[in-house]
Amino acid sequence: MNRPDGTDRASRRRLTDSSRWVVKVGTSLLTDTESGLNRSAIASLVAQMAALKRRGVEIVLVSSGSIVEGMQRMGWKHRPTELDQLQAAAAVGQMGLVQCYEAAFQRFAVVTAQVLLTHADLANRERYLNARNTLRTLLSLAVLPIINENDAVVNDEIRFGDNDNLAALVANLVEAEVLVILTDREGLYSRDPRENSDAELIVHGRADDPDLLRSSGSAGAFGRGGMLTKVQAAQKAARSGAATVIADGRAPETLLQMRSGAAVGTLLIPGTGRMAARKRWLAGQLRGSGEVVLDDGAVRVLRESGRSLLPIGVTGVRGAFRRGDIITCVDERGCEVARGLVNYNSEEAARIAGVPSNRIESILGYGGESELIHRDNIALTG
């Protein structure tokens with residue numbers, strides 16, 4: 001077991017002073033296959049969040065559970081695979097989920113608000129800013145926002161894919177200091193404990209540690225995410241300087257223990273400085289309109305010098321995109337390096353790929369920007 005040490009204790013003290021948390025609660029904690037919502041579990045978590053609010057912590061709750069509740073209400077025993085049936089289950093189940101939370105929080109005089117998001121809401125810069133302003137206003141009014149993916153209307157092109165990822169993007173959105181991911185496991189292990197009896201709990205680490213990605217596991221029968229998505233969420237949350245705690249939501253007083261600085265679950269601290277807000281938005285996009293392949297020299301320049309991407313460093317262009325679209329930059333092995341707003345469309349980018357910037361006008365027949373992506377419009381993601 002990776003035991004608490006002085007570094008871990010010092011890192012956990014930041015939880016005792018932090019004032020804004022995003023708390024994500026997984027499906028396995030909120031539901032069971034027989035009765036839908038687990039109301040006693042919800043009541044326990046709500047009581048803890050209400051106590052944290054009384055201690056001055058602003059909380060944004062990201063909750064799963066609508067699809068399983070909808071399945072129970074309609075008598076379905078197995079999670080459907082067809083998108084329209086998943087959307088129907090979500091629409092039915094969201095009613096019960098919100099009613100349950102509303103009733104539980106009312107016992108503590110906590111006002112709540114429902115916010116449903118899709119990736120399209122955060123991919124569009126104007127809607128992203130609107131969502132941020134709305135959430136910040138709710139927090140300033142002492143309202144506790146309850147967020148879920150808008151499963152009833154999303155399709156495969158715009159869905160977040162799991163609420164771990166959604167919670168991380170919300171942490172970036174509201175600039176939370178702490179992201180808490182509550183699951184049915186004690187935390188992150190060195191190996192999957194369901195398959196390895198010698199697996200050890202990782203008490204603390206850095207969110208940017210690539211070895212953590214090897215500690216992923218598969219999702220449960222009713223959930224969409226495994227430990228891999230939780231580590232990826234921690235990496236995304238670190239972009240805005242948030243620490244992430246992955247912990248067992250079934251343990252008594254889990255949230256309050258965290259607030260006291262106790263060694264609960266796995267604490268992953270941000271390993272680098274905070275990204276600027278615009279770059280967090282760029283990095284948070286789940287997919288680009290196309291991609292460009294970079295040579296090793298261009299990859300090194302982006303990672304080490306933070307300079308603009310010039311056409312001469314591009315060896316390939318894939319997909320169809322327009323000027324101003326967000327595109328993905330990958331290395332020659334296909335690994336993602338960055339995302340950014342491109343200055344040329346895909347046809348133009350293909351024509352000037354690999355050539356010096358002073359030849360752009362002669363190739364395209366008109367003058368344009370010397371950069372394919374300006375440094376102010378690019379964010380490192382890998």
Side-chain angles (χ1 to χ4, degrees), residues 21-50 52-53 59-80 83-119 121 131 134-135 138 143-154 158-170 179-184 219-225 229 233 249-250 254-255:
W21 291 20
V22 172
V23 177
K24 183 264 178 178
V25 186
T27 299
S28 59
L29 297 179
L30 299 177
T31 62
D32 61 54
T33 58
E34 298 297 327
S35 61
L37 292 177
N38 184 335
R39 284 168 169 74
S40 63
I42 291 175
S44 173
L45 291 170
V46 165
Q48 293 179 63
M49 285 184 274
L52 288 175
K53 277 185 62 64
I59 294 177
V60 178
L61 172 61
V62 177
S63 178
S64 302
S66 63
I67 291 178
V68 176
E69 170 66 2
M71 289 168 54
Q72 190 277 332
R73 289 186 170 207
M74 292 187 288
W76 298 353
K77 298 299 183 184
H78 302 285
R79 183 185 176 99
L83 182 59
D84 57 348
Q85 290 188 328
L86 287 169
Q87 291 172 321
V92 173
Q94 191 67 30
M95 297 295 293
L97 183 66
V98 171
Q99 288 171 0
C100 187
Y101 275 124
E102 175 72 2
F105 276 112
Q106 278 185 343
R107 289 170 33 216
F108 300 96
V110 174
V111 179
T112 56
Q114 180 185 29
V115 180
L116 299 177
L117 294 174
T118 68
H119 176 251
D121 296 321
T134 297
L135 290 173
L138 289 170
V143 175
L144 191 150
I146 302 173
I147 297 178
N148 198 349
E149 184 176 6
N150 197 353
D151 286 306
V153 301
V154 296
I158 62 173
R159 68 187 309 140
F160 288 104
D162 63 80
N163 275 343
D164 298 325
N165 187 38
L166 172 57
L169 296 178
V170 170
L179 168 62
V180 177
I181 300 178
L182 296 180
T183 182
D184 58 359
F222 286 87
R224 277 191 274 175
T229 67
R250 302 167 303 179
T254 301
L255 294 173

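Residues satisfying the side-chain hydrogen bond (donor to acceptor under 3.5 Å, both in side chains) test with Glu102, not counting sequence neighbours, are Gln106, Thr112. Applying the side chain to side chain contact (heavy atoms under 4.5 Å, CB included) criterion to Ser66, with sequence neighbours excluded, gives Ala90, Gln94, Leu97, Asn148, Asp151. Residues satisfying the side chain to side chain contact (heavy atoms under 4.5 Å, CB included) criterion with Ser44, sequence neighbours excluded, are Gln48. Shown here are the side chain to side chain contact (heavy atoms under 4.5 Å, CB included) partners of Ala91, two or more places apart in sequence or in another chain: Ala152. Every residue meeting the salt bridge (Lys or Arg N to Asp or Glu O under 4.0 Å) condition with Asp121, not counting sequence neighbours, appears here in chain and number order: Arg127. Every residue two or more places apart in sequence or in another chain that forms a side chain to side chain contact (heavy atoms under 4.5 Å, CB included) with Arg107 is listed here: Ala43.
Taking every heavy atom of both residues into account, Gly65 and Thr27 meet most closely at N-OG1, 3.7 Å. Closest approach of Pro80 and Gln85 over heavy atoms only: CB-OE1, 3.4 Å. Pairing each heavy atom of Trp21 with each of Val180, the nearest pair is CE3-CG2, 3.7 Å. Ala167 and Lys24 make their closest contact through CB-CB, 3.7 Å (heavy atoms, listed as atom of the first residue, atom of the second, distance). When all heavy atoms are compared, the tightest approach of Ile42 to Cys100 is CD1-SG, 3.6 Å. Taking both residues in full, the closest heavy atoms of Phe105 and Met49 are given as CZ-CE, 4.0 Å, listed atom of the first, atom of the second, then distance.
Taking 4.5 Å as the limit, some side-chain heavy atom of Leu135 sits within range of a side-chain heavy atom of Ile147. Considering only heavy atoms from C-beta on, Val68 stays 4.5 Å or farther from Gln72 through its side chain. By the 4.5 Å heavy-atom criterion applied to side chains, Val98 and Ile146 are not counted as neighbours.
In this structure, CE in Met71 is found 14.0 Å from CZ in Arg73, a value given to the nearest 0.5 Å. The CG atom of Leu144 lies 10.0 Å from the CG atom of Leu52; values are rounded to the nearest 0.5 Å. Rounded to the nearest 0.5 Å, atoms CG (Leu61) and CD1 (Ile59) are 8.5 Å apart. Rounding to the nearest 0.5 angstrom, the gap separating the CG atom in Asn150 from the CG atom in Leu166 is 11.0 Å. Atom-to-atom distance recorded for Thr118:OG1 and Glu149:CD is 8.0 Å, nearest 0.5 angstrom. The OG1 atom of Thr254 sits 9.0 Å away from atom CG of Leu29, with the distance rounded to the nearest 0.5 Å.
Arg250 has no carboxylate O lying under 4.0 Å from a charged side-chain N of Asp184, or vice versa, which leaves the two without a salt bridge.
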- Item | Stepwise side-chain contact (heavy atoms from CB on, under 4.5 Å) test for Leu30 and Tyr101 | CA-CA 11 Å; Leu30 299 177; Tyr101 275 124; 3.6 Å; yes

- Query: Can you list the steps and then say if Ile67 with Leu86 is a side-chain contact (heavy atoms from CB on, under 4.5 Å)?
  - Reply: CA-CA 7 Å; Ile67 291 178; Leu86 287 169; 4.1 Å; yes

- Task: For Leu138 and Val115, run side-chain contact (heavy atoms from CB on, under 4.5 Å): C-alpha distance rounded to whole Å, both residues' side-chain angles, the deciding distance at 0.1 Å, then the answer.
- Result: CA-CA 11 Å; Leu138 289 170; Val115 180; 4.3 Å; yes

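Other residues, nucleotides and ligands contribute more than 12 heavy atoms inside 6.0 Å of the CE atom of Met74.
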